[in-house]
Amino acid sequence: MPTLVLSRITFEGRHGATENERKSLRTFEVDVEIETSIEQASKSDHLDDTIDYRTVAEIIVELGTLETHHLLESLGQRMLDALGAKFPAATFRLELRKLNPPACPGHPAFAAVRMQRAGS
């Protein structure tokens, strides 16, 4: 099945396991892969016949900036649920990254969770 890809959707949010982490803004990135039929869109060349990636990015950024989560797993699942509700036939794979996670030995560039939601 064809895959649409959005890479490095960036936003600042107040997510973290500790209260101190949630006090200040942190930078997050999301990569999304969307498996969906593109047959109609490839013939018609009309945006209405495919998944508008701007809508996908809006959902990701809105949830990332307006909600607060303790865990990446929780925020990632919320994003998958919202994307699935908007585009139920599509399968979504998502990687959510917290850049420069604080107080982590070895100073990794990011911490991440990878998740998937199958379409109906």
Side-chain angles (χ1 to χ4, degrees):
M1 173 140 324
T3 303
L4 303 173
V5 178
L6 286 166
S7 179
R8 298 181 71 183
I9 302 167
T10 305
F11 61 88
E12 291 187 333
R14 297 182 187 275
H15 312 290
T18 66
E19 185 177 339
N20 195 41
E21 267 190 279
R22 295 186 303 276
K23 285 183 180 177
S24 61
L25 290 171
R26 303 212 173 276
T27 304
F28 296 81
E29 289 181 345
V30 175
D31 294 340
V32 181
E33 294 183 3
I34 309 155
E35 286 187 10
T36 188
S37 173
I38 62 167
E39 184 176 340
Q40 185 63 32
S42 64
K43 292 177 183 175
S44 71
D45 197 28
H46 291 288
L47 186 58
D48 291 342
D49 292 330
T50 191
I51 293 177
D52 186 343
Y53 57 79
R54 293 174 300 183
T55 302
V56 172
E58 285 173 1
I59 290 169
I60 297 294
V61 171
E62 182 175 304
L63 292 173
T65 58
L66 296 181
E67 295 184 0
T68 300
H69 292 262
H70 291 197
L71 301 177
L72 293 175
E73 295 86 342
S74 173
L75 178 57
Q77 188 62 55
R78 179 74 175 96
M79 290 174 173
L80 285 175
D81 290 345
L83 292 168
K86 180 72 175 175
F87 307 105
T91 293
F92 292 90
R93 280 183 300 284
L94 174 144
E95 180 175 290
L96 169 60
R97 293 181 294 276
K98 178 193 292 190
L99 304 185
N100 303 308
C104 190
H107 307 289
F110 62 85
V113 63
R114 291 182 183 142
M115 305 172 79
Q116 179 171 316
R117 180 197 179 280
S120 53

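Note that this is a predicted model, so its numbers are computed, not measured. In what follows, residues are counted from 1 in the order of the sequence shown. Excluded from the calculations below are hydrogen atoms, water molecules and symmetry mates; all remaining heavy atoms, backbone and side chain alike, are included.
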Heavy-atom check, side chain of [X] versus side chain of [Y], under 4.5 Å:
| X | Y | answer |
| --- | --- | --- |
| Lys43 | Glu39 | yes |
| Val30 | Val61 | no |
| Arg117 | Leu83 | no |

Work out which heavy atom in [X] is nearest to a heavy atom in [Y]; give both atom names and the distance.
| X | Y | answer |
| --- | --- | --- |
| Pro108 | Pro101 | O-CD, 3.4 Å |
| Thr36 | Ala90 | CB-CB, 4.2 Å |
| Gly13 | Phe28 | O-CE1, 3.6 Å |

TODO: Begin from the C-alpha positions of Tyr53 and Val32 and carry the test side-chain contact (heavy atoms from CB on, under 4.5 Å) through to its verdict.
DONE: CA-CA 10 Å; Tyr53 57 79; Val32 181; over 6 Å; no

Interatomic distance, CD@Glu29 vs CG@Leu99, rounded to 0.5 Å, equals 4.5 Å

To the nearest 0.5 Å, atom CD of Glu62 lies from atom CE of Met79 at 10.5 Å

Between [X] and [Y], is there a donor-acceptor pair closer than 3.5 Å when you use the side chain of the first and the backbone of the second?
| X | Y | result |
| --- | --- | --- |
| Thr91 | Gly119 | yes |
| Arg22 | Gly16 | yes |
| His69 | His15 | no |
| Arg14 | Lys23 | yes |
| Ser120 | Pro88 | yes |

- Message: Any salt bridge linking Glu58 with Arg54? Criterion: basic side-chain nitrogen under 4.0 Å from a carboxylate oxygen.
- Response: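 Arg54 and Glu58: not salt-bridged.
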
Salt bridge or not between Asp31 and Arg97? Use side-chain N to carboxylate O under 4.0 Å.
yes

Report task. Check the pair Asn100, Thr27 against side-chain contact (heavy atoms from CB on, under 4.5 Å), reporting the backbone distance first and the verdict last. Result -> CA-CA 8 Å; Asn100 303 308; Thr27 304; over 6 Å; no

Please determine whether side-chain contact (heavy atoms from CB on, under 4.5 Å) holds for the pair Arg93 and Glu35, giving the CA-CA distance in whole Å, both sets of side-chain angles, and the decisive distance to 0.1 Å. CA-CA 8 Å; Arg93 280 183 300 284; Glu35 286 187 10; 2.9 Å; yes

**Prompt:** side-chain contact (heavy atoms from CB on, under 4.5 Å) with Met115: which of Leu96, Leu72, Leu80?
**Reply:**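 Testing each of Leu96, Leu72, Leu80 against Met115, the sole residue satisfying side-chain contact (heavy atoms from CB on, under 4.5 Å) is Leu80.
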
Ile34 and its side-chain contact (heavy atoms from CB on, under 4.5 Å) partner, picked from Val5, Ile51, Thr50: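 Answer after filtering Val5, Ile51, Thr50: Ile51.
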
Report yes or no: do Leu6 and Phe92 belong to one cluster of Ile/Leu/Val/Met/Phe/Trp/Tyr joined by side chain heavy-atom distances under 4.5 Å? yes

Output, in order, the C-alpha distance, side-chain angles, deciding distance and verdict of side-chain contact (heavy atoms from CB on, under 4.5 Å) for Leu94 and Ile60. CA-CA 10 Å; Leu94 174 144; Ile60 297 294; 4.0 Å; yes

